[in-house]
Student: 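I have a structure I would like to understand better, so I am pasting it below and will then ask my questions one at a time.
FYI, side chains are in, hydrogens and waters are out, and symmetry mates aren't considered; it's all heavy atoms of this structure. Sequence positions, counted from 1, serve as the residue numbers for this chain.
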Amino acid sequence: MSSSEFLSQFLLTLISCSLLLMLIGAVKRMLLWSQGQASPIHWRGLLQIPRRYLVDLHHVVARDKYMSNTHVATAGGFVLSSILIVLVYVVQLQQQLLSWALLGSSLLMFIGSIFVMLRRRKPTANLSLGQWQRLPKSLMVFSLSFFITTLPAAGVLPLDTGGWLLALVLVAGIIWGVGEMFFGMTWGGPMKHAFAGALHLGLHRRQQRFGGGQSTGLKPIDLSAKKLGVETPSDFKWNQLLSFDACVECGRCENNCPAFAAGQPLNPKKLIQDMVIGMAGGDDAKFAGSPYPGIKVGTHKGGAIIPIVNMLVESETLWSCTTCRACVDACPMMIEHVDAIVDMRRFETLEKGKTPGKANEILENLSATDNPNGFAPSSRMNWAADQNLAVFGQNEITRADVLLWIGDAAFDMRNQRTLRAIIKLLRAAQVNFAVLGDAECDSGDLARRLGDEANFQRLAKQNISTMSRYQFKTIVTADPHAYHCLKNEYGDFGGDYDVAHHTGFFATLVRQKKLTLDNRKPLALTYHDPCYLGRYNGEYDAPRFLLASMGVTIKEMTRSKSTARCCGGGGGAPVTDIPGVRRIPDMRMEDVVETQAEIVAVACPQCNLMLEGVVEPRPEVKDIAELMLDALIDEPMGGES
C-alpha cells in the first residue's frame, strides 16, 4: 500500500470514527441539558440557525471589527471545510472542484487562525487562558493538515509526494486537529461552544430577540409550584442549561459589567461557567479567566442537584447585579445572564427569606404600604396639592387621553420637580391627561428584581384591576423601570397597554409642533442613557432629538447608547448595598466629567438620584423634562414649579 493510499484509508476511518464519537458526545451533552425543567421547544428556530449566526450573532461580534473579520474567516472556513471533508474523504466524491473548494476553505481558516494566534500572544484580561490558549494552534494544525493532504486530490502535487514521512506527519496533525475540532465540540474543550452555541441560537427561550426584535421582560413563575425559583442547576429550564454551554468565554460581558468594574464580587463570565460546572459536576479550579473580585478560584464546587448559593456561588455575587443587561447586550452568543440571576434570587427571597442590606425592609414596606419606603398610601398625592390634577375616580372622571403614571417620584422631593415640569409641558401641549392618585401602587419593578415574584404579581394585578375601571389611550411615565414593567411585563397578567416614556411622548409633541423649544441657548451637556430605557427598550433617539431641538450638541460619553455604563441604581443594588472597591455612580460621573460637560441630562428618577448622590464638585444633573421647561417657548400660565 502506498503512502497516499494509506492516508486516504486512514482519513476515512478516522473521520468516520470521530463523527461517531462526536454523535455519542452530543447525546451525553443533551442528557446534561435534559436535567433542567421543561420549556417550550422552538423547532422552527433550528431552520433559522444560519441566519441567526450570520446576522444576529455577527451584529454583536461586529462591534469589534478585528474579531468580526477573524471570526468570519476562522469559523466560516471551518464550517465549509468540515462539510467538504465529509464529502471528499467520507462520502469520497472524487471531484476536483470539491478538492479545490476544500483547499480554499482550509486556507481561509488558516488565515483566520493566524489572527486568533496574534490576538492571544498578549491576551487582554477579559480573555480566558488555559485551554483557550491552545485553540489557535489547533485551528492552524487542522486547516494546514487538510490543506496539504488535499493538494494531490486537487491535482496540484503527485499522489506520493513526500512519501511516508509526510504521510505520518499529516496523520499526527489530522489526529490533533480532528480531535480538537470534531471530538472536542461535544466532549469538552474550546470548541464546545460551536455545537451548543448553534443549538442555543435555534432553541433560544427568547425567540423574539432575533431579527432585531426585543424581549427583555422577566418571565413569570407559577406561585403554586412546590419550589419557587432556582436552588440547584437542575431547577433551571433545559434551554437555560443549553445556553450556559454556549459561552465562548470572550469576556465581553465582563468588560461591560458595572459591578465587576466597581470591584464587587460579580463576574458574569465566571457566573456562566460556574453554572456549567454545576450542571456537569465538579469544581472551579480549572477556570482560567478573571475571578470574582475578592473571591479565590478553586474554592467552590457543585453538581446538578447541589444547592448553588454558598456552595458554587456566593450569595453576594447574585446580589451585586444591577440587572442593567450590559452583559446580555454584549454577549455574541445571546446568553441571558440576568434571567439566571433573578431566578436564583427568587429562591433566596421566596423560599429562604434571605435578602441582604435593607432589601427585606423594602419588601416588607411594599407588602404593607404598596410603596418601597413605607409611606402612607394616602400621602401619594400630597406633593400635587397645588397642581389641580384630574384624578381618575374623582369628580366622575373616568376617561382621558393619557394616564400619567407618577411612580415613586411622588415620595421624593427632588424627582417631584421633574413631575411638575412634565405636568407643565403636558398642559402647554393641551394634552388631556389624568392620574390614578392614591389608587396607584408601585409598579413592582423593585420587588421583581429582588426576587419577590409574589409581591410583584400582587402589585401588577392590583394596578391592572385599578386601570381597568378607566378609559385612556396611552400611559406616560418618567420612570423607565415602571415603563418597562407596564409595557413588557404586565401583559402576562392581562395588562396590555400602549406605554410611552415621557421623552418619547414629548418628542412626538415637538414633531407635531404642539411644543416649541428655544434652540438658541447652546449648553455644554452630555446625556446619560438609562438602562431600562435604552438596553431594555431600545430607546436612544427620542431623548437626543429633544436635546437637539433645544439647540444642544451632545458631548457623548465613550460609554453611551447600548454601551452606556449603568448608574448603579437598578436591580435593587442601592438597597442590597454589596460593598466593592468603588461606587458605580462615581465611575459614571467620571465618564461625565471626561466630556467636560457642565450638565448631565437624565431621563430616569433613579439615575437622577444616583448621580446627584456623587460628591460635589460635579456637573449639574437635570431631567430632560426640566431642560425642556427651561427652553419652552410660550410657557403656559398656572401651576407652580
Student: If the threshold is 4.0 Å, N to carboxylate O, is there a salt bridge linking Lys269 and Glu249?
Tutor: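 Answer for the salt bridge query: no.
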
Student: Can you confirm whether Pro136 sits close enough to Ser113 that some side-chain heavy atom of one is under 4.5 Å from a side-chain heavy atom of the other?
Tutor: no

Student: Taking NZ, NE, NH1 and NH2 as the nitrogens, is one of them in Arg205 or Asp339 under 4.0 Å from a carboxylate oxygen of the other?
Tutor: yes

Student: Asp529 and side-chain contact (heavy atoms from CB on, under 4.5 Å): which single residue from Arg565, Arg535, Arg544 fits?
Tutor: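 Running side-chain contact (heavy atoms from CB on, under 4.5 Å) over Arg565, Arg535, Arg544 with Asp529 returns exactly one hit, Arg544.
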
Student: Is any side-chain heavy atom of Val178 closer than 4.5 Å to a side-chain heavy atom of Phe146?
Tutor: yes

Student: Would the number of heavy atoms belonging to other residues, nucleotides or ligands and lying under 6.0 Å from CD1 of Ile305 be above 12?
Tutor: no

Student: Do Tyr497 and Thr474 pass the side chain to side chain donor-acceptor pair (under 3.5 Å) test, and can you show the C-alpha distance, the side-chain angles, and the key distance before you say yes or no?
Tutor: CA-CA 7 Å; Tyr497 308 109; Thr474 305; over 6 Å; no

Student: Using atom types as modelled and distance alone, determine if a side-chain donor or acceptor of Trp187 lies under 3.5 Å from a backbone N or O of Leu21.
Tutor: yes

Student: If you define the side chain from C-beta out and look only at heavy atoms, does anything of Ile335 sit under 4.5 Å from Cys247?
Tutor: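 Yes, side chains in contact.
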
Student: Does atom NZ of Lys28 have more than 12 heavy-atom neighbours, drawn from other residues, nucleotides or ligands, at distances under 6.0 Å?
Tutor: no

Student: List the steps, then state whether side chain to side chain donor-acceptor pair (under 3.5 Å) holds for Thr355 with Glu348.
Tutor: CA-CA 7 Å; Thr355 51; Glu348 291 295 290; over 6 Å; no

Student: Test Asp235 against every option in Gln240, Gln35, Lys227 by the side chain to side chain donor-acceptor pair (under 3.5 Å) rule and name the one that passes.
Tutor: Lys227

Student: Minimum heavy-atom separation for Met334 to His204, with atom names?
Tutor: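 That closest heavy-atom pairing would be O-NE2, 2.7 Å.
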
Student: Can you establish whether the number of heavy atoms outside Asp541 located under 6.0 Å from its atom CG is more than 12?
Tutor: no

Student: Checking Thr124 against Asn126: is there a side-chain donor and acceptor pair closer than 3.5 Å?
Tutor: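 Result is yes, a qualifying pair exists.
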
Student: Does the side chain of Met181 come within less than 4.5 Å of Leu135's, by heavy atoms?
Tutor: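 Touching, per the 4.5 Å side-chain cut-off.
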
Student: Between Phe244 and Phe236 (judged by ring centroids, cut-off 6.0 Å), do the two rings come close enough to count as a pair?
Tutor: yes

Student: Assess Lys270 against Phe287: is NZ or CZ under 6.0 Å from the centre of the six-membered ring, and within 45 degrees of the ring's axis?
Tutor: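 Yes, Lys270 lies over the aromatic ring of Phe287.
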
Student: Check whether the side chains of Gln606 and His481 place a donor and an acceptor atom closer than 3.5 Å, and report yes or no.
Tutor: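 Side chains of Gln606 and His481: no pair found under 3.5 Å.
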
Student: May I ask you to test the Arg52-Leu57 pair for a side-chain heavy-atom distance under 4.5 Å?
Tutor: no

Student: If you count every heavy atom of other residues, nucleotides or ligands that lies below 6.0 Å from Lys354 atom NZ, does the total exceed 12?
Tutor: no

Student: State whether Lys137 and Glu180 are salt-bridged, where the test is any N-O pair (Lys NZ or Arg NE/NH1/NH2 against Asp/Glu carboxylate O) under 4.0 Å.
Tutor: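 So Lys137 does not pair with Glu180 through a salt bridge.
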
Student: Does the distance from a Lys or Arg side-chain N to an Asp or Glu carboxylate O, for Asp245 and Lys192, drop under 4.0 Å?
Tutor: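 So Asp245 pairs with Lys192 through a salt bridge.
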
Student: Decide if the gap between the ring center of Tyr292 and the ring center of Phe260 is smaller than 6.0 angstrom.
Tutor: no

Student: Between Phe210 and Val55, is the side chain to side chain contact (heavy atoms under 4.5 Å, CB included) condition met? List the steps.
Tutor: CA-CA 9 Å; Phe210 298 96; Val55 178; over 6 Å; no

Student: State which residue, out of Ser243, Cys257, Cys331, Cys321, fulfils the side-chain contact (heavy atoms from CB on, under 4.5 Å) condition with His337.
Tutor: Cys331

Student: Can you confirm whether the side chains of Arg120 and Gln133 place a donor and an acceptor under 3.5 Å from each other?
Tutor: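 Yes, because at least one side-chain N or O of Arg120 sits under 3.5 Å from a partner of the opposite role on Gln133.
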
Student: With a 3.5 Å distance limit and no angle check, can you tell me whether Thr186 reaches the backbone of Met22 through a side-chain donor-acceptor pair?
Tutor: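 Checking the backbone N and O of Met22 against the side chain of Thr186, a donor-acceptor pair under 3.5 Å is found.
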
Student: Are Ser105 and Leu84 close enough that some pair of their side-chain heavy atoms sits under 4.5 Å apart?
Tutor: yes

Student: How about Lys286: does its NZ atom have over 12 heavy atoms from other parts shown lying under 6.0 Å from it?
Tutor: no

Student: Counting distance only, does the side-chain N/O of Ser143 pair as donor-acceptor with the main-chain N or O of Met140 below 3.5 Å?
Tutor: yes

Student: Side-chain donor-acceptor pair under 3.5 Å between Asn239 and Ser39, yes or no?
Tutor: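 On atom types as modelled, these side chains qualify, holding a pair under 3.5 Å.
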
Student: Give the intermediate values and the outcome of side chain to side chain donor-acceptor pair (under 3.5 Å) for residues Asn537 and Asn488.
Tutor: CA-CA 9 Å; Asn537 287 285; Asn488 300 315; 2.7 Å; yes

Student: Pick from Val230, Leu241, Leu312: which one makes a side-chain contact (heavy atoms from CB on, under 4.5 Å) with Met275?
Tutor: Leu312

Student: Give a yes-or-no answer on whether the side chains of Tyr490 and Asn463 include a donor-acceptor pair shorter than 3.5 Å.
Tutor: yes

Student: Answer yes or no: is there a side-chain heavy-atom contact under 4.5 Å between Ile49 and Leu46?
Tutor: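 Contact flag for Ile49/Leu46 side chains = yes.
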
Student: Ring centres under 6.0 Å, that's the criterion: do Tyr53 and His71 meet it?
Tutor: yes

Student: Should Arg458 and Glu453 count as an ion pair when the cut-off is N to O under 4.0 Å?
Tutor: no

Student: Can we say Asp452 and Arg345 salt-bridge, meaning some charged N sits less than 4.0 Å from an Asp/Glu carboxylate O?
Tutor: no

Student: Hey, are the side chains of Pro258 and Thr322 touching, using non-hydrogen atoms and a 4.5 Å cut-off?
Tutor: yes

Student: With no hydrogens and no angle check, do the side chains of Thr477 and Asp479 hold a donor and an acceptor under 3.5 Å apart?
Tutor: no

Student: Is it the case that Arg325 places NZ or CZ above or below the six-membered ring of Tyr536, under 6.0 angstrom from the centre and within 45 degrees of the axis?
Tutor: yes

Student: Relative to each other, are the rings of Phe78 and Phe182 parallel, tilted or perpendicular (30° and 60° limits)?
Tutor: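 It falls in the tilted class, 30° to 60°.
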
Student: Report, as yes or no, whether the 6.0 Å neighbourhood of atom CZ on Phe545 holds more than 12 heavy atoms from other residues, nucleotides or ligands.
Tutor: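 Yes.
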
Student: Using the rule given for side chain to side chain donor-acceptor pair (under 3.5 Å), can you reason through Glu539 versus His501, listing the C-alpha separation, both sets of side-chain angles and the distance that settles it, and then say yes or no?
Tutor: CA-CA 9 Å; Glu539 181 58 88; His501 186 256; over 6 Å; no

Student: Is the side chain of Arg252 donor-acceptor paired with the backbone N or O of Val60 at a distance under 3.5 Å, no angle test?
Tutor: yes

